[in-house]
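Okay, structure first, notes after.
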Protein chains: 2
Amino acid sequence: MRERSSRASSFTVDVVLVTAMRNELAVLLTRSAGDRERWSLPWRFAQSGESFDAAAAKSGEEALGEQPSWIEQIAAFGDGRRHPSDTEVSVAFVGLVPHETASPRTGYTWFPMSDLPPISPRQRAMVEAATRVMQSRLDQAPIAFRLLPSTFTLSDLQQMYELLLGKRLHKASFRRALQAAWLVEPTDEWRSEGRGRPAQLFRYSPKKKRRLHRGVRFDFLYP
Amino acid sequence: MRERSSRASSFTVDVVLVTAMRNELAVLLTRSAGDRERWSLPWRFAQSGESFDAAAAKSGEEALGEQPSWIEQIAAFGDGRRHPSDTEVSVAFVGLVPHETASPRTGYTWFPMSDLPPISPRQRAMVEAATRVMQSRLDQAPIAFRLLPSTFTLSDLQQMYELLLGKRLHKASFRRALQAAWLVEPTDEWRSEGRGRPAQLFRYSPKKKRRLHRGVRFDFLYP
DNA sequence: GAAATAGTGTCTCTTAGACACTATTTC
DNA sequence: GAAATAGTGTCTAAGAGACACTATTTC
């Protein structure tokens with residue numbers, strides 16, 4: 001039987017914590033342990049006996065004081081690209097955080113995804129892979145909902161989808177599709193945002209077995 | 001600087017090689033190195049300086065004499081589940097092979113996915129994750145085409161999609177959608193399959209920039 | 001009142017699926 | 001001819017997007 005005690009391993013678990021700030025996605029970085037001038041994703045050495053998911057969740061909690069609302073493994077990164085740990089392998093996770101509850105602990109800072117400071121090449125690849133994972137899961141998992149607080153307006157939700165998809169959506173169509181999917185229910189609260197008519201608040205509350213008889217889709221181009 | 005020479009690592013690269021045999025998916029297994037009574041996915045110890053993809057492709061080539069037509073990382077598996085190597089971590093890949101060219105080397109055997117012999121729990125999890133990855137990528141990557149030989153009939157293609165989706169598709173709709181996607185082109189060959197009218201052979205040949213303005217999809221159910 | 005935002009009704013055009021048909025082979 | 005498979009034309013119903021409208025707020 002192998003040793004299962006808790007010792008440092010030769011690989012790391014990294015987490016790409018993502019939130020939405022002012023109509024753009026942001027990533028949480030901290031000062032790199034090795035070189036305090038450089039920034040880094042939160043990461044830790046894997047401990048034997050601890051699952052990757054647990055390690056990633058722990059990193060998230062350490063950075064934010066609470067666990068991300070959604071977490072998923074991206075991939076293992078083991079090419080020769082540099083990483084602050086100097087290990088050869090890192091397992092990367094993406095974690096989503098609603099911005100309202102996302103107050104980073106000291107030493108952690110949100111950076112807009114379009115304007116990150118220099119980070120190690122391996123972690124740069126993780127951030128890029130994280131955005132691809134989020135986009136590809138967008139219609140299969142409640143990504144947008146996990147970036148929003150527990151109650152939100154339909155305009156909030158639509159803006160989040162527009163941000164994640166990178167394109168404008170049609171308001172009436174968006175609401176029709178949402179209604180057909182039985183994913184949200186109205187609360188009896190309304191939010192007034194300064195000017196304009198107040199909007200009703202909704203909560204994520206997936207109700208029905210989706211019927212889900214769509215045809216085939218050929219949404220690819222590359223060999 | 002770390003050592004980058006080629007030495008055995010403390011983790012493995014495993015590959016779930018998949019093909020389609022007689023209307024069901026099949027996985028390639030070999031006798032386990034440790035216990036010749038048990039079966040196992042092809043795997044190898046990771047070598048420093050060699051990328052995961054290269055290691056997985058090499059495993060595939062070793063088993064089949066040629067590289068899989070499509071390969072993608074599934075995930076790193078690092079829970080406590082048992083693996084023939086007794087390492088704590090394995091990086092799993094899924095590789096697709098057209099059945100016509102898939103003649104396994106000695107010691108390797110195709111098993112129908114619905115009736116696998118006992119394999120280690122970690123590798124069992126890899127096989128299950130592989131099917132999920134294939135299904136979720138089905139409309140974003142040419143999964144079905146990579147399981148078919150270089151030329152195929154439209155009925156072949158539809159049957160492959162039906163197998164991967166686990167449901168019947170409408171013939172006319174399928175062909176209309178395929179035509180709109182500009183993914184195949186006809187050859188001047190026809191195949192007679194015994195009784196019935198011969199079918200024209202097509203080849204995968206993605207042509208156009210997809211226009212790709214679909215609306216939002218809420219195809220999920222779980223929180 | 002104007003401006004801004006929320007929310008809805010209706011039209012049209014596209015498309016998925018149903019149905020039915022024609023076409024070409026083996027038996 | 002019957003049976004089997006390939007391939008297509010047409011109708012219909014559902015859905016996406018455009019457009020225009022109503023509703024409710026702040027200024």
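By convention in this document, chain letters (A, B, ...) are assigned in the order of the sequence lines, proteins followed by strands, and residues within each chain are numbered from 1.
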Between D:dA4 (P) and B:Glu193 (CD): distance, integer Å: 16 Å

Length of the line joining B:Gln200:CD and D:dT5:C1', which is rounded to integer Å: 15 Å

For atom CZ of B:Arg175 and atom C1' of C:dA16, their distance in whole Å: 16 Å

d(CD, B:Gln158; P, D:dG7) in whole Å: 11 Å

Sugar-phosphate, base or nothing in reach of A:Thr153, heavy atoms under 4.0 Å: nothing

Nucleotide C:dG17, atom P - distance to CG of B:Leu165 in whole Å: 11 Å

Proximity of B:Phe11 and A:Phe11 rings by center, below 6.0 Å: no

Protein-nucleotide distance (B:Asp156, atom CG; D:dG7, atom P), rounded to Å: 10 Å

Atom pair distance, as rounded to whole Å: NZ in A:Lys171 and P in C:dT8: 9 Å

Base C:dG9 paired with A:Arg176 side chain (donor-acceptor, <3.5 Å): no

Pull out every protein N or O sitting under 3.5 Å from an N or O of nucleotides 24-27 of chain D, one pair per line with the distance.
from: D:dT24; atom 1: O2; to: A:Arg197; atom 2: N; distance (Å): 3.3
from: D:dT25; atom 1: O2; to: A:Gly196; atom 2: N; distance (Å): 3.3

The helix from C:dG1-D:dC27 to C:dC27-D:dG1: angle between end helix axes, five pairs per end, rounded to 10 degrees: 0°

Where A:Phe52 and B:Phe77 come nearest, the two heavy atoms and their spacing: CE1-C, 3.8 Å

Atom pair distance, as rounded to whole Å: NE2 in B:His170 and P in C:dC19: 8 Å

Closest nucleotide among C:dG7, D:dG7, D:dG17 to the A:Trp190 side chain: C:dG7

